[in-house]
Enquirer: 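Supplied in structure tokens, the structure appears directly below.
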Amino acid sequence: QVQLVQLGGGLVQPGGSLRLSCKVSGATLDYYTIGWFRQVPGKQREVVSCISPNYPRTWYDVSVEGRFTISRDVADNTVYLQMSSLKPEDAAVYYCAADPKRDCNTIGRWFRYLEAWGQGTLVTVSS
């Protein structure tokens with residue numbers, strides 16, 4: 001069974017930085033696409049970044065491109081999301097998700113069917 005455990009998050013001032021981590025067990029990053037999603041109340045969960053299993057390719061939503069960086073540590077089976085220059089509109093509950101069938105082009109569209117999700121972590125951006 002694939003399990004994802006998230007760490008990080010919290011309160012940060014606008015312009016600040018946070019790093020989220022997503023520790024994967026029961027699967028290897030060589031075979032799973034990992035996406036970072038966020039959700040605010042009343043809105044659908046949206047993918048903000050993704051890393052593919054092979055050669056690893058990364059993808060970012062335009063709203064975070066240039067400010068967020070996704071990376072992975074294969075030896076530790078952990079994926080990170082480094083968030084910089086945070087804005088109030090980045091505030092949300094952030095989730096990581098893993099799936100062996102979706103790629104970064106489809107993981108957002110098929111988010112309801114992904115194999116595993118982290119527990120979610122709250123990011124608050126406020127002065």
Side-chain angles (χ1 to χ4, degrees):
Q1 183 180 0
V2 180
Q3 292 186 323
L4 282 63
V5 177
Q6 297 179 222
L7 293 175
L11 172 64
V12 64
Q13 293 186 342
S17 298
L18 281 175
R19 189 176 80 159
L20 307 181
S21 66
C22 177
K23 174 81 170 180
V24 180
S25 61
T28 67
L29 298 180
D30 289 338
Y31 298 102
Y32 277 71
T33 297
I34 306 295
W36 282 100
F37 294 73
R38 66 187 180 190
Q39 189 170 23
V40 297
K43 288 195 173 182
Q44 183 168 284
R45 196 169 295 187
E46 61 176 6
V47 60
V48 296
S49 186
C50 176
I51 188 163
S52 66
N54 298 320
Y55 318 107
R57 297 175 184 172
T58 59
W59 175 89
Y60 300 93
D61 184 77
V62 63
S63 64
V64 307
E65 193 162 20
R67 301 187 297 119
F68 289 14
T69 303
I70 191 170
S71 62
R72 68 180 195 175
D73 182 336
V74 174
D76 195 43
N77 235 28
T78 300
V79 175
Y80 301 95
L81 185 68
Q82 177 68 45
M83 305 184 294
S84 303
S85 302
L86 282 160
K87 305 175 181 180
E89 52 264 42
D90 294 317
V93 178
Y94 282 73
Y95 300 88
C96 59
D99 197 88
K101 298 179 182 178
R102 318 299 174 191
D103 60 21
C104 286
N105 292 321
T106 58
I107 196 170
R109 190 185 324 145
W110 296 96
F111 75 94
R112 292 183 177 88
Y113 305 97
L114 302 182
E115 180 169 327
W117 287 90
Q119 79 275 21
T121 186
L122 180 63
V123 172
T124 304
V125 184
S126 175
S127 54

Enquirer: Does a side-chain heavy-atom distance below 4.5 Å link V12 with S17?
Expert: no
Enquirer: What is the distance from atom SG of C22 to atom CD of Q6, rounded to the nearest 0.5 Å?
Expert: 5.5 Å
Enquirer: Considering all heavy atoms of both residues, which atom of L114 and which atom of A97 are nearest to each other, and what is their separation?
Expert: CD1-CB, 3.6 Å
Enquirer: Is the Y94 ring parallel, tilted or perpendicular to the F68 ring (thresholds 30°, 60°)?
Expert: tilted
Enquirer: Do any N or O atoms from the side chain of N77 and from the backbone of V24 form a donor-acceptor pair under 3.5 angstrom?
Expert: yes
Enquirer: Give me the atom names and distance for the closest heavy-atom approach of C104 to S52.
Expert: SG-N, 3.8 Å
Enquirer: Under 4.0 Å between a Lys/Arg side-chain N and an Asp/Glu carboxylate O for D90 and R38?
Expert: yes
Enquirer: Would you confirm whether S85, through its side chain, and G15, through its main-chain N or O, come within 3.5 Å as a donor-acceptor pair?
Expert: no
Enquirer: Rounded at 0.5 Å granularity, tell me how far CZ in R19 sits from CE in M83.
Expert: 11.0 Å
Enquirer: Is there a side-chain contact between K101 and T106 in this structure, where contact means two heavy atoms from C-beta onward sitting under 4.5 Å apart?
Expert: no
Enquirer: Between the main-chain N or O of R102 and the side-chain N or O of T33, is there a donor-acceptor pair closer than 3.5 Å?
Expert: yes
Enquirer: Which pair of heavy atoms, one from K23 and one from T78, lies closest together, and at what distance?
Expert: CD-OG1, 3.2 Å
Enquirer: Counting neighbours of CD on Q1 that are heavy atoms of other residues, nucleotides or ligands and sit closer than 6.0 Å, is the number greater than 12?
Expert: no
Enquirer: Would you check if there is a donor-acceptor pair between the side chains of T28 and D30 at a distance under 3.5 Å?
Expert: no
Enquirer: With a 4.5 Å heavy-atom cut-off, do F37 and V93 have their side chains touching?
Expert: no
Enquirer: Just so I know, are the side chains of Y80 and S21 near enough to count as touching, which here means a heavy-atom distance under 4.5 Å?
Expert: yes
Enquirer: Main chain of I70, side chain of T58: is a donor-acceptor contact present, judged purely on distance under 3.5 Å?
Expert: no
Enquirer: So if you build clusters from Ile, Leu, Val, Met, Phe, Trp, Tyr with side-chain heavy-atom gaps below 4.5 Å, do W117 and V2 land together?
Expert: no
Enquirer: Can you tell me if E115 uses its side chain to pair, donor with acceptor, with the backbone of P100 under 3.5 Å?
Expert: no
Enquirer: Going from CD1 on I34 to OG on S49, what distance comes out if it is rounded to the nearest 0.5 angstrom?
Expert: 11.5 Å
Enquirer: Please name the pair of heavy atoms, one in V79 and one in W36, separated by the smallest distance, quoted to 0.1 Å.
Expert: CG1-NE1, 3.6 Å
Enquirer: Would you check if the side chain of Q3 reaches a backbone N or O of G26 as a donor-acceptor pair within less than 3.5 Å?
Expert: no
